[in-house]
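Only one structure is covered here, and it is reproduced in the block below.
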Amino acid sequence: MFIDSHAHLEFDEYAADFPQVLERAKSAQVEAILNIGTSVEHSKKTVALASQYPHIFAAIGIHPHDGKDTPDHYLDILKELARKPKVVAIGEIGLDYFYKHSTPDIQKQRFEEQVCLAKELNLPISIHCREAFQNIIDILNRSQYFKGVFHCFTGSLAEAKKALDMGFYISISGIVTFKKSTVLQEVVKELPLEKMLIETDAPFLAPEPNRGKRNEPAFVVQTAKKIAELKHIPLEEVAKVTTQNTKKLFGLLSSYV
Ligand code: NI
């Protein structure tokens with residue numbers, strides 16, 4: 001059994017064939033999906049999905065790209081949403097200095113506000129980090145909150161070790177299956193499986209052999225296979241340990257999955 005720890009199934013990309021997407025996930029033994037909000041609107045849709053499907057869980061939050069479009073009272077809205085059943089994390093939140101759709105100052109402010117919210121609610125965070133590792137670390141240190149995961153990890157081995165030292169997990173996406181991802185492959189070889197989650201980040205970043213196509217939770221198995229190959233361990237072990245890690249971090253209720 002596998003868990004896709006980061007997907008965006010509320011996106012329009014799934015409007016036409018959502019039941020089939022879930023069916024294929026089930027056939028691929030993906031037993032649970034953590035769906036992740038990126039804005040107020042998407043967080044509401046995510047909570048709605050979780051209420052509708054027993055094996056879908058919700059994270060709510062404002063993505064760094066969306067920081068500038070956020071209503072003033074967004075923290076109140078998130079706080080209210082966090083009370084709904086099956087909301088298990090705040091995310092995805094973080095900093096993205098590659099695209100800079102929002103200015104770094106706005107991004108930093110939103111990130112810190114949401115880390116504080118997570119701390120107040122004692123919910124783990126799903127962190128988006130692109131070319132902003134040191135600023136992320138500074139804000140986490142200032143907030144003194146170290147519960148969560150660096151989602152879709154693409155940093156260096158030193159950064160991965162730093163994240164683990166602070167108490168975070170790292171999540172491996174389909175990027176690890178790409179031929180040129182030698183740094184990430186090294187990270188997977190070096191770091192303990194006990195600190196890894198797996199994810200699709202669907203609809204983005206489909207792993208090989210589906211690279212370039214729309215991603216979906218069933219494809220998380222390809223990422224798990226690559227990890228097994230890199231670490232020379234059975235696929236079953238990757239499935240078992242990453243599932244345990246995900247349940248432990250997000251406290252997914254065993255009555256659901
Ligand atoms: Ni994402």
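Indexing begins at 1, ligand by ligand and atom by atom, following the structure's order.
Using cut-offs of 30° and 60° for the angle between ring planes, the F168 and F146 rings count as perpendicular.
Not counting sequence neighbours, the partners of Q109 by the side chain to side chain donor-acceptor pair (under 3.5 Å) test are E113. Evaluation of the ring pair (Phe, Tyr, Trp, His ring centres under 6.0 Å) rule for F98 yields no partner, not counting sequence neighbours.
Shown are the protein N/O/S atoms under 2.8 Å from the Ni ion (ligand 1), given by residue and atom: H6 NE2, H8 NE2, E92 OE2, D201 OD1.
One hydrophobic cluster, built from ILVMFWY side chains closer than 4.5 Å, cannot hold both Y145 and Y169; they sit in different ones.
A donor-acceptor pair under 3.5 Å links the side-chain atoms of K86 to the main chain of A50, judged by distance alone.
Each ring-ring contact (aromatic ring centres under 6.0 Å, His included) pair with one or both residues in residues 211-239, not counting sequence neighbours, would appear here, but there are none.
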